[in-house]
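Below you'll find the structure, written out as structure tokens, and then a few comments.
Heavy atoms only: backbone and side chains are in, while hydrogens, waters and symmetry mates are out. In what follows, chains are A, B, ... by sequence order, proteins preceding strands, each numbered from 1.
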Amino acid sequence: MPFSTLFTDNTGGVLTPYINQETNRLKNYLKLGGYDAAKKALAMTAEQVIEEAIKSNLRGLGGAGFPAGRKWSFIPKNSPKPTYLVINCDESEPGTCKDKYIVMGATHALLEGIIIASRAINAHTCYIYIRGEYVEPAEILQAAIDEAYEAKILGKNVLGTDYALDVYVHRGAGAYICGEETALLESLEGKKGWPRMKPPFPAIEGLFRCPTIVNNVETIAYVPFIMNKGAEWFAKLGSERNGGYRFYSISGHVNRPGVYELPVGTTLRTMLYDYAGGIRGGKKLKLVVPGGSSSPPLRPEEIDVKMDFDSLAAIGSMLGSAGIIAMDEDTCLLDMLMVTSRFYHHESCGQCTPCREGTGWMDKVLTRMMKGGGRLEDVSNMPDIANGIMGNTICPLGDAAAMPVLGYFKKFREEFESHAKFGKCHTGEFTSWKPAVKA
Amino acid sequence: MSLKLSPQSMKRIKEVMTHYPNKQAALLPILHIVQEEKGYVPAEMEADIAEAVEVPVVKVREVITFYTLFNRQPVGKYHVQMCRTISCTLCGHRELLKYVKEKLGIEAGQTTADGKYTLSVVECLAACEMAPAMQINEKYYGNLTPQRIDEILTGLK
Ligand SMILES: Cc1cc2nc3c(=O)[nH]c(=O)nc-3n(C[C@H](O)[C@H](O)[C@H](O)COP(=O)(O)O)c2cc1C
Ligand code: SF4
Ligand code: FES
């Protein structure tokens, strides 16, 4: 897989210098000062490591944005059971394609982060759950782990201390829902990926009923840099309460799609127009999804928003996994919402009725509208169906399916009405059914 | 263990079982190993797999059918999986799918008569930055155009 679609700002970024063809080899990582941060952390107490993470404002980068250090602090002290660290590399939210760069390039930074996070929660076993399609990334990861064992960086005596840590790669098998942390734990236990009721939260009762922390790949890969350069340094890079840099995946109708490591809080306009080269073909922007396909869409006049968790929440959307999808003026939004809803219907685990039935209805109605069989009452019924799902399910997949429907219908209602009334797209013939092939 | 697999696969299974505190947790890795050797997970092996991880057969069946990557039937030598999700649709997935269907002479979900290609349509492959994208067996391909697809398929031999 090429690294030529990874970009950063003129400072060079934090993780980006560690991502190229060579950096997944141990000897090259060591040349860059690799594993110094882990040595430092192993000489500290768990509380001190957690304190650093809290001060850095490092937020969970898998979607929910929960402060990483605070999550670690929920692990019960002196529990008689073992504690587990689980790394989430399921990477399945549409529009999100960043974790693979870290796993394939900054492989040892991830492993170093794992050592430090394990120290913080006193875990001696870590599983990395990686989506089943990522065969090549999983092989690179395993090769790096083997190198680390060989060099006694992992195993019985981590970096010459008496701290023991085993790291295993566990491959998923094609189920979006297994990115949800409790479904992921079920899957790791050899079961189908049905999310669990919370509480109990994984920190109290997770993998094999033991205290467990689940963190995203990217979250953990930043940890060594925080330990090396200090929490204040990281916190200052980002915006208020949102530390550091992060990876933004930019796809859709932009001139330069790719993964961009940028300071948290860069505006969406800067990302789309300065970094990603603007909308292709010189067209106008019609809609942008800011944080993976489940995040409520933004209109072109909303793109001066800072891309951090709090700023997006303040305008009724969410940063989620930072998967940005841009659509140009010729895009049929009914079509795009149908594709989005079909995805969530396909991926619903079927465990709770509002999600199973609701996603099915949304998919069915949107498909019927798309085929020209729309009715005016669809326009008012769709938000009702979505509202029937919101907040009424075991896991947040139900909300993830409902939010785009609510957002599209609220912000682009005329377009759906016009479809229902005239049985075809107001932009002409259903433009997106025969889309332009990229130049 | 009464699993009928090559000695190499049996060795891998034995090793992977040491990664977990119980046997059931090794189920997904074992299914991957079976599928790598056989190309799919044959129904007649379900009972042996169940015995190996000490769960009822129905639990094994439940897992195989829940996860889309496990094939219950043999697939072609090359499994062409085209992403149909949002970024790929925006960048021309439908046109390409039509092109591939005509080229291979099959619909999605079918295998060519010579057993060489199976065509599937899948959800987001996390290759959105190189949309439209597809996966053939283990390898990813992005920024597809009809010409690129011709080259890729020819390159497979
Ligand atoms: C339906 C669903 C899918 C998810 N998929 C992913 C995923 O692919 N990768 C990920 O890291 N987190 C995913 N999450 C979030 C995880 O549940 C969890 O919050 C996260 O892994 C915690 O790590 P973090 O605190 O470092 O972000 C998903 C959540 C939901 C509800
Ligand atoms: S909300 Fe949907 S995906 Fe989540 S548990 Fe319920 S049915 Fe399953
Ligand atoms: S939408 Fe096709 S790879 Fe993500």
In this structure, are over 12 heavy atoms from other groups packed under 6.0 Å from [X] atom [atom1]?
X	atom1	answer
Lys81(A)	NZ	yes
Glu37(B)	CD	yes
Lys191(A)	NZ	yes
Lys11(B)	NZ	no

Determine the option with the most heavy-atom pairs under 4.5 angstrom with chain B, choosing from [options].
options	result
Arg342(A), Arg256(A), Met327(A), Glu93(A)	Arg342(A)
Lys98(A), Glu91(A), His346(A)	His346(A)
Val135(A), Val289(A), Asp166(A)	Val135(A)
Cys178(A), Gly174(A), Ser92(A), Gly172(A)	Gly174(A)

If I measure from the heavy atoms of chain B, does [X] come under 4.5 Å with its side chain, its backbone, both, or neither?
X	value
Tyr168(A)	side chain
Ile177(A)	side chain
Tyr260(A)	neither
Arg131(A)	side chain

In the structure I gave you, are the side-chain heavy atoms of Glu129(B) and Ile250(A) within less than 4.5 Å of one another anywhere?
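The answer is no, as the side chains (C-beta and beyond) never meet within the 4.5 Å cut-off.
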
Heavy-atom distance under 4.5 Å between the side chains of Tyr140(B) and Pro137(A), does that happen here?
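The answer is no, as the side chains (C-beta and beyond) never meet within the 4.5 Å cut-off.
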
Heavy-atom closest pair, residues [X] and [Y]:
X	Y	answer
Cys97(A)	Ala127(B)	CB-N, 4.2 Å
Gly193(A)	Tyr67(B)	N-OH, 3.4 Å
Pro94(A)	Cys124(B)	CA-SG, 3.7 Å

Within the side chain of Lys100(A), is there an N or O that forms a donor-acceptor pair under 3.5 Å with the backbone of Ala126(B)?
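Such a contact is found between Lys100(A) side chain and Ala126(B) backbone.
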
[atom1]/[X] to [atom2]/[Y] distance, rounded to the nearest 0.5 angstrom?
X	Y	atom1	atom2	answer
His170(A)	Leu28(B)	NE2	CG	4.5 Å
Met336(A)	Ile86(B)	CE	CD1	6.5 Å
Leu188(A)	Gln24(B)	CG	CD	12.0 Å

Under the criterion ring-ring contact (aromatic ring centres under 6.0 Å, His included), I'd like the reasoning laid out for His19(B) against Tyr127(A): C-alpha separation, chi angles, the key distance, then a yes or no.
CA-CA 9 Å; His19(B) 297 184; Tyr127(A) 296 101; 8.0 Å; no

Taking it one step at a time, do Asn22(B) and Phe208(A) satisfy side-chain contact (heavy atoms from CB on, under 4.5 Å)?
CA-CA 9 Å; Asn22(B) 70 34; Phe208(A) 308 119; 3.8 Å; yes

Are Tyr134(A) and Glu138(B) linked by a side-chain donor-acceptor pair shorter than 3.5 Å?
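Short answer, no.
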
Report the C-alpha distance between Met130(B) and Thr5(A) in whole Å, list the side-chain angles of each, state the deciding distance to 0.1 Å, and finish with yes or no for side-chain contact (heavy atoms from CB on, under 4.5 Å).
CA-CA 8 Å; Met130(B) 43 174 164; Thr5(A) 35; 5.9 Å; no

Quick one: do Lys192(A) and Thr65(B) satisfy side-chain contact (heavy atoms from CB on, under 4.5 Å)? Show the steps, please.
CA-CA 9 Å; Lys192(A) 63 183 186 227; Thr65(B) 53; over 6 Å; no

Checking side-chain contact (heavy atoms from CB on, under 4.5 Å) for the pair Ser187(A)/Phe66(B): CA distance, chi angles, key distance, verdict?
CA-CA 10 Å; Ser187(A) 182; Phe66(B) 184 83; over 6 Å; no

Does the distance from a Lys or Arg side-chain N to an Asp or Glu carboxylate O, for Lys139(B) and Glu133(A), drop under 4.0 Å?
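Not counted as a salt bridge, because no side-chain N and carboxylate O are separated by less than 4.0 Å.
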
Hey, which residues of residues 74-84 of chain B are touching chain A, say heavy atoms under 4.5 Å apart?
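Arg84(B) fall under the 4.5 Å cut-off.
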
Top residue by heavy-atom pair count (under 4.5 Å) with chain A, among His32(B), Lys23(B), Glu62(B), Gln35(B)?
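The candidate making the most pairs under 4.5 Å is His32(B).
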
Pick from Ser249(A), Ser293(A), Ser251(A): which one makes a side-chain hydrogen bond (donor to acceptor under 3.5 Å, both in side chains) with Ser87(B)?
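That would be Ser251(A); it is the only one of Ser249(A), Ser293(A), Ser251(A) passing the side-chain hydrogen bond (donor to acceptor under 3.5 Å, both in side chains) with Ser87(B).
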
